[in-house]
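Notes for the one structure printed next.
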Amino acid sequence: MKRGKGNRGQKSTYSSKAVGRLTIFLPKNRKGTILIENVIFIILNLVYLSILVLFLLKQGSGAIVLEQSYAKNIALLIDSSKPVMEMKLNMEDAMKLAEKNGIAKEDIVKINGNIVKVKLSAKGGYEYSFFNKVDVTVYPDVSPDKNYIIKINGYK
Amino acid sequence: MGINKMLMRNKRGDKILSIYWFAILVLVAGGIFGMVYVFYGTPYDVREIEARVLMNQIADCISYAGRINTDLISDSQTTQKSGEDFLKDCHLNFKSSEWEDEQYYTEIDFYKLEDMDNAVLSINAGDNKWLSSCGLQEDKEQRNLPQCVRDSFYSLDNADNQYIIKILAVVRKTEKNVKL
């Protein structure tokens, strides 16, 4: 007869006395085993689920997704704008992410010709072009510092 | 002895069950990773909105407060404009260093209410090779092809003649809006 976990692979026999004792103490032992096993099982399941949830949350607020969404958003705002308009865009989550990745607030949104570039990480950056022939200035708002200002100065 | 045999059998069952449980966890995690990859890997498709914004800008340019721009129609007299002149007058720029070809196309047709078959003035601008995709999408929408938006509105010229203006706006930018 094989022994339990402790002596895996080693062959040994229990005396009839020991078997008797095992039978006597079995109900107590079984209760203890069930409780510990279940607790470990539940903890492992919770760890597994929390890893999945964290993964989903991280993916949703990732730099690649935000860069694309803000670049397209700003390009569409510029496309639908008219001269002398001033728009405020809440970019709180993007600013937090940029700060975490060491990107200065002023460098998050850049406009080069008719292309909007949003950069939230050192390696990344997403570009999207607009068709409205306007002169645009973009800069972060001072107070509250979660907004970005898009100012349409006039037609080019 | 009998109890120990039962214990052994239970242990083996537990092991088999835990392998299956582990396999299920891997499958679920794999499924979620796959779904997330597909969902977030697909770009946001904003071409239809972009085409509508383009159409609105064109509409504002050719007719303001219900009156047709006198540079285009004045006292029933039409002035034909080239695509480039039209884009310049409407402050639009279809060229971009991001793309080799122009990614937009627009067609504007002015009809008199009395004759809806013949346009009195037609203007088109942009790259007309994207126009062919509009016909292909009439039955079923194909995301890989340029997106087309059509609309029309009513306006008057300065002599109170009535017109129906039909606008078609096409936006390509497929690589930036669709996962190929």
Side-chain angles (χ1 to χ4, degrees), chain A residues 1-5 13-14 16 18-20 22-23 26 29-30 33 37 41 44-45 48-49 51-53 55-62 64-65 68-73 75-83 112-117 126-135 154-156, chain B residues 1-8 10-11 14 17-18 21-22 24-26 28-29 31-33 35-37 39-47 49-58 60 87-99 102-104 106 125-126 169 171 173 176-177:
Chain A
M1 192 197 297
K2 280 182 184 175
R3 265 202 188 183
K5 286 175 185 173
T13 50
Y14 293 108
S16 58
V19 172
L22 182 71
T23 323
L26 202 60
N29 284 340
R30 192 181 269 176
T33 318
E37 275 180 3
F41 181 73
L44 285 174
N45 274 319
Y48 173 79
L49 281 172
I51 289 169
L52 281 182
V53 170
F55 168 74
L56 287 175
L57 289 174
K58 211 180 168 193
Q59 285 295 311
S61 60
I64 298 167
V65 176
Q68 191 200 147
S69 111
Y70 278 117
K72 286 183 176 175
N73 213 331
L76 290 175
L77 278 173
I78 295 169
D79 277 339
S80 43
S81 65
K82 299 265 179 208
N112 186 15
N114 64 339
I115 295 172
V116 181
K117 186 176 182 180
Y126 190 89
E127 291 181 342
Y128 203 77
S129 60
F130 54 91
F131 55 76
N132 207 359
K133 209 173 177 181
V134 285
D135 176 36
Y155 286 122
K156 269 186 186 172
Chain B
M1 214 40 191
I3 293 163
N4 288 324
K5 262 190 178 177
M6 272 173 70
L7 278 172
M8 285 287 288
N10 276 344
K11 261 189 184 169
D14 280 354
L17 196 68
S18 65
W21 182 244
F22 185 72
I24 287 166
L25 289 185
V26 170
V28 170
I32 291 173
F33 276 89
M35 283 188 283
V36 168
Y37 178 76
F39 182 76
Y40 288 113
T42 310
Y44 296 114
D45 193 352
V46 295
R47 291 175 300 167
I49 305 166
E50 204 173 347
R52 290 206 175 277
V53 172
L54 173 63
M55 205 156 61
N56 284 342
Q57 290 284 18
I58 292 168
D60 281 351
L87 292 179
K88 199 178 164 190
D89 292 346
C90 290
H91 310 284
L92 298 170
N93 177 19
F94 285 180
K95 288 188 174 82
S96 166
S97 58
E98 196 185 15
W99 303 93
E102 287 180 346
Q103 297 295 299
Y104 304 94
T106 186
V171 178
K173 292 189 174 180
K176 289 260 172 181
N177 290 280

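Here is the naming used below: chain letters follow the sequence lines, and residue numbers restart at 1 for every chain.
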Q. Is a donor on one side and an acceptor on the other found under 3.5 Å between the side chain of Lys72(A) and the backbone of Val46(B)?
A. no

Q) So Phe131(A) and Phe94(B), would you call those rings parallel, tilted or perpendicular, with 30° and 60° as cut-offs? A) perpendicular

Q) With a 4.5 Å heavy-atom cut-off, do Gln103(B) and Ser129(A) have their side chains touching? A) no

Q. Heavy-atom distance under 4.5 Å to chain A: side chain of Tyr104(B), backbone, both or neither?
A. side chain

(Q) Quick one, Asp79(A) and Leu54(B) - any side-chain contact, counting heavy atoms below 4.5 Å? (A) no

Q.
Evaluate Phe130(A) against Asn93(B) for side chain to side chain contact (heavy atoms under 4.5 Å, CB included), listing each step before the verdict.
A. CA-CA 8 Å; Phe130(A) 54 91; Asn93(B) 177 19; over 6 Å; no

Q: Check for a donor-acceptor pair, side chain of Tyr128(A) on one end and backbone N or O of Lys176(B) on the other, with a separation under 3.5 Å.
A: no

Q. Can you say whether Phe39(B) sits under 4.5 Å from chain A via the side chain, the backbone, both, or neither, judging by heavy atoms?
A. neither

Q) Contact part of Val53(B) toward chain A, heavy-atom cut-off under 4.5 Å: side chain, backbone, both or neither? A) both

(Q) Given 3.5 Å as the limit, does a donor-acceptor pair link the side chain of Asn114(A) with the main chain of Lys95(B), or not? (A) yes

(Q) Only pairs of heavy atoms separated by less than 4.5 Å count here; which of Leu87(B), Val28(B), Ile32(B), Leu25(B) has the most with chain A? (A) Leu25(B)

Q.
Looking at Gln57(B) and Lys82(A), would you say the former's side chain and the latter's main chain have a donor-acceptor pair under 3.5 Å?
A. no

Q: Answer whether the closest heavy-atom distance between the side chains of Ser96(B) and Ile115(A) falls below 4.5 Å.
A: yes

Q. Short question: side chain of Gln68(A), backbone of Pro43(B) - any donor-acceptor pair under 3.5 Å?
A. no

